[in-house]
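Structure record follows, encoded as structure tokens.
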There are 2 protein chains.
Amino acid sequence: MRERNISDIRAFNRFYTNVIGLLDQHVLNSKYSLPEVRILYELYHQEDLTASDIITSIRIDKGYLSRIIRQFEKKKLITKAKSSTDARSLHLRLTKKGRSEFEVLNDASHNQIKDTLEPLTDAECDKLTRNMTEIQKILSKTQK
Amino acid sequence: MRERNISDIRAFNRFYTNVIGLLDQHVLNSKYSLPEVRILYELYHQEDLTASDIITSIRIDKGYLSRIIRQFEKKKLITKAKSSTDARSLHLRLTKKGRSEFEVLNDASHNQIKDTLEPLTDAECDKLTRNMTEIQKILSKTQK
DNA sequence: CTTAATTAGTTGACATAATCAACTAATTAA
DNA sequence: TTAATTAGTTGATTATGTCAACTAATTAAG
């Protein structure tokens, strides 16, 4: 009963864990950690998040996050501002420096994928991404 | 040029990093770490590996691996045997206990995927796994 | 309204995971 | 036969992540 599907999925998971591990290498060689980059990512794509918002979107301990935020502030990558509606929460925004730091990392990731696709034909690239969006669509049905 | 493909792939990577993170939860709640389970996996599927073989197949520091192996030995999960052809290398084998410990983890992973698939139709499951094997086929051409 | 419960974020103390370099011993290459 | 390489170990250290206790602000319950 779906045994074959299950083992195929598990094989894919092992395979893709490795793909992601390789792609993460360049981040690990940068001056930011993976969680740090994910946080910068969140702030880049949605200004004005609170620490709680970030906890909701990525799996991270609030104490750990708090320290990363403090570091970011010290490095002038973000600014904190007390919310006017809820004095407990802090609204976080990337500074100009923060945005540009993220963009460097982002461009590197982008180019890394571009290089990876280089040996493929356009048709293969399209097929690849269709498969990916299809997987997302299907798996989204499994967790609401 | 391929910008759309690249951003779709990156979106998939973020999505799937999260999927894998959720699936890894049960391992993190077990008494073994992710690298430990990967090592058990390797030994389960190919008896008689050396530490070097494992380093070749998974990305792990040899010192780190050496300590994990020592722990495994202490817990009677594996046995070490000096190679007759190369006295530097150690042939590693799971004990009966090692195999059964791995099987518990393995069954849990299996059932976790099974549960995940539960809300899907058979057709969706098949489509999902076809997409996955397709991705592996295409990415293998990019030489990793 | 007042008290209890909850939530946002901080901090200290730890635990776990991972890296690095120096080292021994065995093997292979020059 | 010496030099270089390889397998594995060990000590020291850093990076990463967890947990619980705590303050202050807000919301819910009676």
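In what follows, chains are A, B, ... by sequence order, proteins preceding strands, each numbered from 1.
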Common cluster, B/Tyr41/A/Phe12, ILVMFWY with side-chain heavy-atom separation under 4.5 Å: no
Lys/Arg-Asp/Glu bridge criterion (N-O < 4.0 Å) met for A/Asp8, B/Arg130: no
Whole angstroms only, please: what is the CZ-P distance between B/Phe72 and D/dT9? 14 Å
To the closest 0.5 Å, what do you measure between OH (B/Tyr44) and CG (B/Leu105)? 11.5 Å
Salt-bridge criterion met for A/Glu36 and A/Lys31 (N-O under 4.0 Å): no
When every nucleotide of nucleotides 14-25 of chain C is labelled 5' to 3' by its protein contacts under 4.0 Å (heavy atoms), B for base, S for sugar-phosphate only, - for none, what sequence of letters results? ---SSBB-----
Can you tell me how far P of C/dG9 sits from CZ of A/Arg70, to the nearest Å? 15 Å
Rounded to 10 degrees, the angle between the two terminal axes of the helix from C/dC1-D/dG30 to C/dA30-D/dT1, each from five pairs: 30°
Heavy atom of residues 43-54 of chain B under 4.0 Å from DNA chain C: which residues? none
Nearest-Å distance, CD1 (A/Ile69) to C1' (D/dG17)? 16 Å
Go through residues 76-86 of chain A and report each residue with a non-hydrogen atom lying under 4.0 Å from DNA chain D, sorted by number. A/Thr85, A/Asp86
Hey, are A/Arg99 and A/Glu47 close enough for a salt bridge, meaning a charged N less than 4.0 Å from a carboxylate O? yes
Does B/Ile60 reach the side chain of B/Ile68, with side-chain heavy atoms less than 4.5 Å apart? yes
B/Leu117 and A/Ile9, any side-chain heavy atoms less than 4.5 Å apart: yes
Any side-chain heavy atom of B/Arg59 sitting closer than 4.5 Å to one from A/Leu22? yes
Output all residues satisfying side chain to side chain contact (heavy atoms under 4.5 Å, CB included) with A/Ile20, sequence neighbours left out; order by chain, then residue number. A/Tyr16, A/Asp24, B/Thr17, B/Ile20
Taking NZ from A/Lys31 and P from D/dT16, how many angstroms apart are they, rounded to a whole number? 15 Å
What's the CD-P distance between A/Glu73 and C/dT10, to the nearest Å? 8 Å
Cluster link B/Leu34 to B/Phe102, ILVMFWY, side chain under 4.5 Å: yes
Give the intermediate values and the outcome of side chain to side chain contact (heavy atoms under 4.5 Å, CB included) for residues B/Arg2 and A/Lys114. CA-CA 8 Å; B/Arg2 293 183 168 177; A/Lys114 192 177 201 165; 6.0 Å; no
Side-chain N,O (A/Ser66) to OP1/OP2 (C/dT10) below 4.0 Å: yes
So ring-ring contact (aromatic ring centres under 6.0 Å, His included) across residues 64-100 of chain B, not counting sequence neighbours, yields none
Applying a strict under-4.5 Å side-chain criterion to I, L, V, M, F, W and Y, I'd like to know whether A/Val27 and B/Ile6 cluster together. no
Would you mind classifying the nucleic acid contact of A/Leu90 as base, sugar-phosphate or nothing, using non-hydrogen atoms under 4.0 angstrom? sugar-phosphate
